[in-house]
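Below: the structure, in structure tokens.
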Amino acid sequence: MEYLEGLNEPQRQAVIHTEGPLMIIAGAGSGKTRVLTYRIAHLIYHGVDPYQILALTFTNKAANEMRERIAKVVGHEAKNIWMGTFHSIFAKILRIDGHRLGYTRDFSIYDTEDSKNLIKNIVKELNLDDKLYKPAVVFSRISGAKNRLISYREYNTNPIYRADDESYQRPEIGKIYQIYQERLFKANAMDFDDLLFNTNVLFRDHLDVLNKYQHKFRYVMVDEFQDTNVSQYLITRKLAAVHQNIAVVGDDAQSIYAFRGADIQNILNFERDYPNLKAIRLEQNYRSTKTIVQAANSVIAKNQAQLKKNVWTANAEGEAIELLKAASDAEEARMVAQSIFEEKMQKKRKNSDFAILYRTNAQSRTFEEALRKLNLRYKVVGGLSFYQRKEIKDLVAYFRFALNQNDEEAFRRIINLPKRGVGDATIARIVVVANEYKVSIWDVLCNAFKYIGGRVALALDTFATLIKSFKMAIEQKNAYDAAMEIAKNSGLLKELYEDKSIEGLARYENVQELLNGIKEFVDNPENTDKSLGAFLQEISLLTNADEPESEEDNKDAITLMTIHSAKGLEFKHVFVVGMEEDLFPSQMMIGSRAELEEERRLFYVAITRAEEKLTLTYATSRYRFGRIKDCEPSRFLDEIDPRCIKQKKTILPSSDRVAVKNFLNSLQATTAQTQKTTYKPSPDFKPSDTTYLAPGMRVEHLKFGFGLVLEIQGEDKERKARIQFDDFGEKTLLLSFAKLKVHG
DNA sequence: TCCGCGCGTATTTTT
DNA sequence: TACGCGCGGA
């Protein structure tokens, strides 16, 4: 068993302990994935049928990676393991047995956007104040309830929830919750939370179904156990109840998803629920230098809520942690880009050795600019995912509706896309009529002349006929041919093609990329079901990390991403940027000790991504929400063992900077007198124009935006200029006429 | 019904 | 900044 070689003793124990409950507490960089991989390989090697193994992860990426690594040890059998995210595995189960709850095999999965749109509609229909009942707020309330397995019935009968909502002036949330659920059910749709919630209901109310899976899965494994919520934990526990072979792997110090219902308590519950469990600690870190491990330990030690753990490493001492202070967010980005540039030269590093990690997606922009200026290749992970782009969602909505005519959100998306003269008024009428005659929206569409009449009926009837033809295409053709037909005949492709703007071109390419993806799906011999429905199931649970690999991505590139999406990854040199109070820790997370500790764990995750070198940066002023804000260094910086930070590189404000700052402050003082003016671009507008603020020029009016709009007293009174803050630092104040404008 | 404009507001993380 | 919404004219 050569795969057991090279493992340390606790790792080996974790691999060979296959029978009975097992809890592996795995510190950062302790070879957790390796252990899980070998453990599954070990099972298969000893004759366990891959179909009897269930391995649950949180991301598709983790699942795929593990599958690949297992395949290297055991070969093609790896593909038969039930391995995937909680959501995808439970979706699979619900596709098979969901009819017991009244759903068909083709149920739709609503993403967060769909859910919020539905809530928005409900709030409108109930005539509630949409300032008070914001979709995001209501949704998070409902989601929280579902993750704690509280049904709308329970929510509405338990006075505690009501009292809680009333104290926030939102007494109607329970009602919205109920209507929301009813509408989802009517649409034959589930949101993300329903995939877990309904699996629980299925297993609770249909014991024969539960029994089937309990006997099927002889071995159950859960990765990133610290991120499970109650709903997920209960399902896994039930599934393992017969064979009791449940292994969970996690690290309480890396629990960063409490905000969406993850509960570290589950680790304690596990110990309570399985008193005979074997507990194994993986404490040796193979990833990082001594310095980095020590820094991480010193930070996490400030948390009260944690399991005792002693993470150590046999690796070299390594370089000290670098702390960079910048005058602005733009300068921060320049310093990072510069230091990557230099290090690439000196140490012969690849772009892919570097990662820039930040707290919020919005921070990526300045770094992109700075890296572009130095011609450094980068890729941004996350942000708007491929599948969340409008053009993709539009086409997918056609797929969804052709497959499931009850899918209300898909219907709303496409009924007037491309424009066919069906506006909000008509849509509202369709819904009213459907309710009145107690028929479905689809029935109304199919009999538009009867139910709606008038001019618009023809458009609706044509639309219904179109969908029927798509329905047929899906039944008869493979996913690619059906998708092609829908893209063409719907008119979406044509509309995008005709848009020759830069964005339009990108949108068209995106749709092409989706179609290519479908082609690959069809051509892949591992996919036995080649229908469009099967493809849809694949992608409805994909998210930002799982974008189709473009050729750009394959090239050597610096990675830019949020700390959250960096979990599980490692890089030689990591930059953690924006280390400022209110940004990291986030302003919204300093309310309670628990929240602050979650932010601290997030910082811990960030530090432990680094193998050889870690650089922390912060700026003393930063654009936020179109304003310039002074920033304090993050409290987390003080929590690092000072011995790990040998030198503090700081950029002291030079006298020039002070002068500029004073100058800007004096400008700020006059903002109150800013008057609104309409500007129009001048015909000779040149974006690259730059000039210096010459002596004797004086600023008369200004307006804060991204930079300042100034009116300068000088040769040309009518001229307005825009000043770029981040370009100061020269002897003279550099004015960038990025938007030179002439008075209306 | 559609389109464009102007205003106001939002800004955390993601399966 | 940048996005969404509401309003008013075509």
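Below, read A as the first sequence line, B as the second, and so on, with proteins coming before strands; counting in each chain starts at 1. Atom set for the values below is all heavy atoms of this structure, side chains included, hydrogens, waters and symmetry mates excluded.
Here dT13(B) is the nucleotide among dT15(B), dT13(B), dC2(B) with the atom lying nearest to any side-chain atom of His564(A). Considering only the side chain of Ser586(A), dT12(B) comes nearest among dT12(B), dC2(B), dT15(B). Of the candidates dT12(B), dT14(B), dT1(B), the closest approach to any side-chain atom of Ala425(A) belongs to dT1(B). For Thr59(A), counting side-chain heavy atoms from C-beta on, the closest listed nucleotide (dT11(B), dG6(C), dT15(B)) is dT15(B). Of the candidate nucleotides dC2(B), dT14(B), dT12(B), dC2(B) has the atom lying nearest to any side-chain atom of Lys419(A).
The distance from atom CG of Asp582(A) to atom C1' of dT12(B) is 13 Å, rounded to the nearest whole Å. A straight line from NZ of Lys134(A) to P of dA10(B) spans 5 Å, rounded to a whole angstrom. One can place OH of Tyr358(A) at 10 Å from P of dT14(B), the figure rounded to the nearest angstrom. Rounded to whole Å, atom P of dT15(B) lies 19 Å from atom CG of Leu94(A). One can place CG of Asp424(A) at 9 Å from P of dC2(B), the figure rounded to the nearest angstrom. As rounded to whole Å, 15 Å separates atom C1' of dT1(C) from atom CZ of Arg622(A). In this entry the distance linking NZ of Lys390(A) with C1' of dG4(C) reads 14 Å, nearest Å. What separates CD of Gln363(A) from C1' of dT12(B) is a distance of 10 Å, to the nearest Å.
At a threshold of 4.0 angstrom between heavy atoms, the contacts of Phe86(A) with the nucleic acid are absent. Residue-level contact check: Phe259(A) touches the bases, meaning some heavy atom is under 4.0 Å from a base atom. Heavy atoms of Asp193(A) sit nowhere under 4.0 angstrom from any nucleic acid atom.
Summarising the geometry of Pro418(A) relative to Glu495(A), their closest heavy-atom pair is CB-OE2, 3.5 Å, with the distance given to 0.1 Å.
When the side-chain nitrogen and oxygen atoms of Lys120(A) are compared with OP1 and OP2 of dG4(C), none of them lie within a distance under 4.0 Å. For dT14(B), one of the phosphate oxygens OP1 or OP2 lies less than 4.0 angstrom from a side-chain nitrogen or oxygen of Thr562(A). Contact annotation: Asn361(A) side-chain N/O to dT11(B) OP1/OP2 distance is not under 4.0 Å. Regarding contacts with the backbone of dT1(B), a side-chain N or O of Thr426(A) is found under 4.0 angstrom from either OP1 or OP2.
Nearest-nucleotide positions on DNA chain B for Val422(A) and Ala362(A) put Val422(A) closer to the 5' end. Projected onto DNA chain B by closest heavy-atom contact, Thr85(A) and Lys131(A) fall at different nucleotides, the more 5' of which corresponds to Lys131(A).
In this structure Lys302(A) satisfies the salt bridge (charged side-chain N to carboxylate O under 4.0 Å, His left out) test with no other residue, sequence neighbours excluded.
Tyr180(A) and Phe139(A) have perpendicular rings, their planes meeting at more than 60° on a 0 to 90° scale where under 30° would count as parallel.
Using a 4.0 Å cut-off between charged nitrogen and carboxylate oxygen, Arg400(A) and Asp114(A) count as a salt-bridge pair. A salt bridge between Asp394(A) and Arg413(A) is present, with a side-chain N of the basic residue lying under 4.0 Å from a carboxylate O of the acidic one.
Between the side chain of Arg359(A) and the base of dT13(B), a donor-acceptor pair under 3.5 Å is found.
Stacking is not found between Tyr257(A) and the pyrimidine-like six-membered ring of the dT14(B) base under the 5.5 Å centre-distance and 30° plane-angle cut-offs.
Under a 3.5 Å cut-off, the side chain of Arg359(A) and the backbone N or O of Leu583(A) do not form any donor-acceptor pair.
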